[in-house]
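Single-structure report; data block below.
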Protein chains: 2
Amino acid sequence: MGALQRTCNGCNYKKICLASGLDDDEIAKFDRVMKRRLRLSRSNYLFRSGAPADSIYTVRSGSLKSYVTDEEGREQITNFYLPGEIVGLDALTSNIHPSTVQALESTTICEMPLASLNKLMDTIPTLRNQLIRLMSGAIRVEEDHSMLLGKKTAEQRLASLLLNFASRFHDRGYSSHEFNLSMSRNDMGNYLGLAMETVSRLFSRFQDMGLITVNRKLVHINDLDALHVMVLESSPDALGKGQKEAKQEYTQSVSQNSKETVLYH
Amino acid sequence: MGALQRTCNGCNYKKICLASGLDDDEIAKFDRVMKRRLRLSRSNYLFRSGAPADSIYTVRSGSLKSYVTDEEGREQITNFYLPGEIVGLDALTSNIHPSTVQALESTTICEMPLASLNKLMDTIPTLRNQLIRLMSGAIRVEEDHSMLLGKKTAEQRLASLLLNFASRFHDRGYSSHEFNLSMSRNDMGNYLGLAMETVSRLFSRFQDMGLITVNRKLVHINDLDALHVMVLESSPDALGKGQKEAKQEYTQSVSQNSKETVLYH
DNA sequence: CGAAGCATTGACACAACTCAAGCTTTGTGG
DNA sequence: CCACAAAGCTTGAGTTGTGTCAATGCTTCG
């Protein structure tokens, strides 16, 4: 989609990425210190866990996955990154990368050295605010991922993944009902906390149900609403006793403020 | 532990919280805009999901839980907060709280209005950096939580929780082998992606194995090493085929850089 | 002292995993 | 450009870790 631009001004994603909100003057400064067109081909690493972190990155085209690795070598994929999204925000505590980031396909990346970013933030408060906003957003994304891993059925997890990508592709000006998922079934399973076989079976089932049409990596969503409904209610025994109570409790807690007692002294 | 101080300078946690790294002059400014001694008793809310966010908070004494709620009312606890930890960092995207935060016991809290914080950051770059560091740390914590939820057995999850609290209590000057867990079994199970009954059974089992001694909320850790080992290796069939391969792959990927090909153009 | 909430333990069920076999696509070297 | 090996995907059969349901016990607190 469009040739790679050399400047932020010409970039499709300047409203999504770190540069969002900057005025022309500021974006010019930002532009000057941005290193452009880091290139990775499929399965190459942007960086690995344990490596020193001296930049953060923005996906320009293509896609990436990030994962954390424990002492036993187990890997948990924590995120997939699409164009305009920022990579490496978890490294700003220690300046060591806690996660590994790997390309899912041919991918180009913009690099912002942390030293430059810090200097820029001294004079551009908007930039600082945008970084803070993006990091806060990253926390929210992880919280949603926890909800998915902790509370959802296999069916709901895959439906969530599909809806998530549909919406993100939409935001980027692509079709929200037909897209390529660049990662393997294995990667999806890993991200979703499921075995690859379960993911595969669910794809088949969703297709049999007429919700989607799949051909390898290409997914066509036929019934978006049904997917939305699926994420809300579990298919077998949709409203069991536990769920019902939880739901009631929720509406209660929103409507009335019985326990809201905050006192200053 | 110690009477509540009225100033940041006298606070036990000034090396952990937002004020960390500030010099005397800066901390005085910081102090001036900090609202102190917000008080909550058990099960009261600091704020609820959907509420406007105009402050972030630091736990001063006591403890809190935060959880996100989906449209069906399912709740996923995303974190427990101990003294010195910052609450509300996920609200800085939209200035609406995505999660609900509730006291687990009598808790006192410092409040930093976002407006004040923003002003302060204009003149104190250290403060900005500290906020960024803390947010980055929050992302890492969530990533670890995903690893726990996505890849660990029930046994490993509870062991992780115990070790996590042991280390955090230690950092705060409390005993790392004997402490009170202020949350219910239900909350632990929710956080760990397990049924409360499973948590309860595991507590009994750990006690039978001699790893810990439990009495309601009070936990004494008898064998820290065994817990550490448990987190690494699954108890039944510790090194199955899959694990072994994963482990090998990991050491490989760290030692050699076969696929590391980053090209600039 | 009784009620309500929280924790424990047991029996059973089932969602998702593992193992296994076969199929399809992709990448590569001759 | 073909052939074949390797990787990725699908589907089936059987297993199991953890959840659900249920009954009972133990605190706490009004």
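Excluded from the calculations below are hydrogen atoms, water molecules and symmetry mates; all remaining heavy atoms, backbone and side chain alike, are included. Just so it is clear: chains get the letters A, B, ... in the order the sequence lines come, proteins before strands, and each one is counted from 1.
- For the pair A/Glu105 CD and C/dG27 P, the interatomic distance rounds to 13 Å; values are reported in whole Å.
- Put simply, CD on B/Gln207 is 15 Å from P on C/dA7, counting in whole angstrom units.
- Residues satisfying the salt bridge (charged side-chain N to carboxylate O under 4.0 Å, His left out) test with B/Glu142, not counting sequence neighbours, are none.
- Per the geometry, CG belonging to B/Leu192 stands 19 Å off P belonging to D/dG17, to the nearest Å.
- Applying the side chain to side chain contact (heavy atoms under 4.5 Å, CB included) criterion to A/Asp171, with sequence neighbours excluded, gives A/Ser167.
- With respect to B/Lys152 and A/Glu72, no salt bridge is recorded, no charged nitrogen being found less than 4.0 Å from a carboxylate O.
- Rounding to whole angstrom units, CE of residue A/Met188 and C1' of D/dC9 are separated by 11 Å.
- Note: CD (B/Glu155) to P (D/dG17) measures 11 Å, nearest angstrom.
- Taking A/Ser204 as the reference, nothing meets the side chain to side chain contact (heavy atoms under 4.5 Å, CB included) condition, with sequence neighbours excluded.
- Residue whose closest nucleotide on DNA chain C sits further toward the 5' end, between B/Lys217 and A/Gly193: B/Lys217.
- In the set C/dC6, C/dT8, C/dC17, C/dC6 carries the atom at the smallest distance from any side-chain atom of B/Arg42.
- A sub-4.0 Å separation between OP1 or OP2 of C/dT8 and a side-chain N or O of B/Arg185 is present.
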Please tabulate, one pair per line, each protein N/O and nucleotide N/O from nucleotides 11-14 of chain D that are separated by under 3.5 Å, including the distance.
residue: D/dT11; atom: OP2; partner: A/Ser204; partner atom: OG; Å: 2.3
residue: D/dG12; atom: N7; partner: A/Arg201; partner atom: NH1; Å: 2.7
residue: D/dG12; atom: O6; partner: A/Arg201; partner atom: NH2; Å: 3.3

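- For residues 179-201 of chain A, the set of pairs meeting the salt bridge (Lys or Arg N to Asp or Glu O under 4.0 Å) definition, not counting sequence neighbours, comprises A/Lys65-A/Asp187.
- Residues forming a ring-ring contact (aromatic ring centres under 6.0 Å, His included) with B/Phe206 (at least two apart in sequence, or on another chain): none.
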